[in-house]
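Worksheet: the structure to be examined is printed underneath.
We name chains A, B, ... by the order of the sequence lines, and we start the count at 1 in each one.
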Amino acid sequence: MNSRWLAWHRLAGISAAVFVVFLSVTGLLLMHSDRLELPNRQVNAGWLLNWYGIRPAPPPLSFRAGANAVSQIGTQLYVNDTELMQTAGILLGAEPLLLQEPLGALLAVVTSDGLMIYDAQGQLVERIGHAGGLPQGLTRAGRDLQGGLVLGTDTQHWRYAVESGDFTVADSSIPIRWSAPAALDAELERQLADRFRGTGLTIERVLLDLHAGRLLGKTGVVLVNLASLLLVFLALSGMKVWWSRLRSQRARRNQRRP
Amino acid sequence: MYRGRRHWFRVLLGLLSGLLLTAAQPAVADDVYLSPEAFLEHTFGAAVPAPSKLWVTRELRTAIREIMGHDLGALRLRYWQQGELTAWILEEIGKEQPITTGLVVDGDVLQSVQVLIYRESRGWEVKYPAFTSQFQGAGLDAERNLDRRIDGIAGATLSVQALTRLARLALLLDQHAASAGERAG
């Protein structure tokens with residue numbers, strides 16, 4: 001009886017060994033994650049990015065705004081090679097604005113679901129969504145002859161006054177210079193494509209998913225559950241074997257006594 | 001016995017291989033519980049007031065830093081006001097991603113806190129009223145802390161802390177909007 005338990009205990013031990021080493025190593029790395037700067041290290045391995053469903057970057061949509069190039073790749077917005085923010089909308093245009101001090105030179109970035117105004121230092125002045133008064137159904141952005149920011153649907157135009165923060169309906173017959181997509185410098189496009197693909201997937205994220213089994217989706221979670229059950233069985237079978245040996249040792253000792 | 005063990009080992013290997021072959025890819029997605037527009041309609045009814053604006057002055061920026069530990073990232077904020085009621089849509093990062101939150105201040109206390117969009121991979125339990133209802137009636141004390149204890153959620157510590165900071169921020173912004181006629185927008 002005891003030898004059968006011992007055999008199962010050994011089998012469970014061998015089966016669980018891989019999981020124990022794996023969970024211990026990933027757990028140790030996660031415990032020292034901040035010291036190893038794992039949250040800040042991006043994953044660049046193509047196969048791993050593919051596994052997470054992070055595909056190569058789609059072609060950027062870019063607009064020139066004075067000396068700046070504002071681009072969108074996927075849901076990420078960039079000004080030149082710097083990340084601006086995520087958006088669920090589509091980049092419609094980017095316009096340089098020149099206002100009186102203290103506002104001075106500004107950059108307006110317009111998407112179908114947001115208007116972002118940045119100052120000359122790249123500091124966000126404000127972000128306006130539909131809840132904040134941004135008109136619905138925007139398809140384009142541009143400037144009027146006075147240099148004011150104009151947003152438009154196919155049938156209606158709005159002028160945005162940065163000083164007051166108000167939208168007013170504009171005369172649709174007034175000529176507007178609309179933002180038009182422009183080709184991006186090839187080197188900058190390559191930089192953005194590389195950065196876009198690696199963004200968001202850190203080594204810490206991968207380790208967390210490995211440790212919890214989520215890297216393999218539901219299958220991984222099932223595997224980790226099985227490993228946990230194996231460890232429970234290992235503990236119980238170990239106690240059972242130990243208890244049986246203790247009893248047999250006591251029995252032998254009692255037999256030897258006169 | 002040994003034959004039985006070999007058989008068991010083969011079954012285990014087969015099971016593991018099968019599971020690995022059918023492995024699914026991990027999924028990542030934003031969870032939109034309530035759109036900002038729906039939050040405002042829920043707060044004010046069909047007649048949502050026009051947004052008011054609040055400039056982040058140097059004094060306010062210092063106070064924001066004390067609460068958030070960083071700048072807000074914008075120099076002008078929009079909020080919605082009807083009588084003593086002000087509504088704020090604010091964002092704060094829990095661990096990696098911003099949590100979009102709708103907060104309503106009535107007078108000088110919080111009326112409600114609602115998670116609108118949650119983007120983190122875990123900690124989403126903060127969306128439940130069982131947690132957010134703790135903020136109802138909370139105000140700021142002299143040190144700009146909430147005047148009550150907010151119980152955390154195991155496994156959602158960073159999200160809880162983010163929402164607590166946002167609650168303090170909304171109360172601070174409401175105070176500033178109320179003072180010096182800022183609410184004129």
Side-chain angles (χ1 to χ4, degrees), chain A residues 3-4 7-8 10-12 14-15 18-19 39 50-54 75 85-86 88 102-103 113 116-119 123-134 136 162-167 200-202 204-206 208-209 212-223 226-227 230, chain B residues 1-2 4-9 11-13 15-30 32 35-41 43 48-56 71-80 87 89 91 95-98 100 102 116-117 119 121-122 185:
Chain A
S3 63
R4 190 179 296 170
W8 282 111
R10 281 177 182 156
L11 265 177
I14 291 166
S15 308
V18 178
F19 290 107
N50 281 336
W51 181 255
Y52 270 83
I54 302 172
T75 58
M85 61 171 57
Q86 297 267 337
L103 288 170
D113 67 346
M116 282 70 71
I117 306 285
Y118 293 88
D119 68 12
Q123 160 81 49
L124 181 68
V125 175
E126 66 178 348
R127 188 176 71 180
I128 309 163
H130 294 307
L134 185 76
Q136 297 276 357
V162 179
E163 297 91 338
S164 65
D166 293 325
F167 293 93
L201 186 61
T202 64
E204 186 191 48
R205 174 82 268 153
V206 175
L208 278 166
D209 290 339
R214 278 192 294 271
L215 195 67
L216 301 179
K218 286 179 182 171
T219 305
V221 177
V222 170
L223 282 175
L226 281 176
L230 266 178
Chain B
M1 181 65 208
Y2 282 102
R5 269 192 288 163
R6 275 205 298 274
H7 177 69
W8 183 85
F9 203 69
V11 170
L12 181 70
L13 277 177
L15 188 66
L16 293 182
S17 310
L19 286 167
L20 283 170
L21 283 172
T22 57
Q25 287 183 349
V28 180
D30 293 0
V32 181
S35 70
E37 292 86 352
F39 161 72
L40 292 172
E41 281 181 19
T43 304
V48 176
S52 304
K53 297 107 193 169
L54 176 67
W55 281 99
V56 179
D71 284 331
L72 207 51
L75 299 178
R76 185 163 64 186
L77 298 169
R78 289 181 178 233
Y79 66 99
W80 295 261
I89 297 173
E91 288 186 342
K95 181 172 172 61
E96 292 164 348
Q97 297 292 329
T100 306
L116 306 183
I117 305 170
R119 303 174 180 86
S121 56
R122 69 201 70 152

Query raised in the report: How about Arg127(A): does its CZ atom have over 12 heavy atoms from other parts shown lying under 6.0 Å from it?
Result: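 No.
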
**Report entry** Proximal component of Arg78(B), with respect to chain A [non-hydrogen, under 4.5 Å]
**Finding:**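 Side chain only.
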
Query raised in the report: Listed by chain and number, what are the side chain to side chain contact (heavy atoms under 4.5 Å, CB included) partners of Ala88(A), not counting sequence neighbours?
Result: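 Result, side chain to side chain contact (heavy atoms under 4.5 Å, CB included) vs Ala88(A): Asp113(A).
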
Report task. Using modelled atom types only, decide if a donor and an acceptor are shared between the side chain of Arg76(B) and the backbone of Val162(A) within a distance under 3.5 Å. Result ->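 Answer holds: yes.
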
Query raised in the report: Relative to chain A, which of Lys95(B), Arg122(B), Glu41(B) shows the most heavy atom pairs under 4.5 Å?
Result: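 Among Lys95(B), Arg122(B), Glu41(B), the one with the most close pairs to chain A is Arg122(B).
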
Query raised in the report: So does Lys53(B) pair up with Glu163(A), basic N to acidic O under 4.0 Å?
Result: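 A salt bridge is absent here (no side-chain N lies under 4.0 Å from a carboxylate O).
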
Report task. Please determine, among Val125(A), Ile128(A), Leu208(A), the option with the most heavy-atom pairs under 4.5 Å with chain B. Result ->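 Top count of heavy-atom pairs under 4.5 Å with chain B: Val125(A).
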
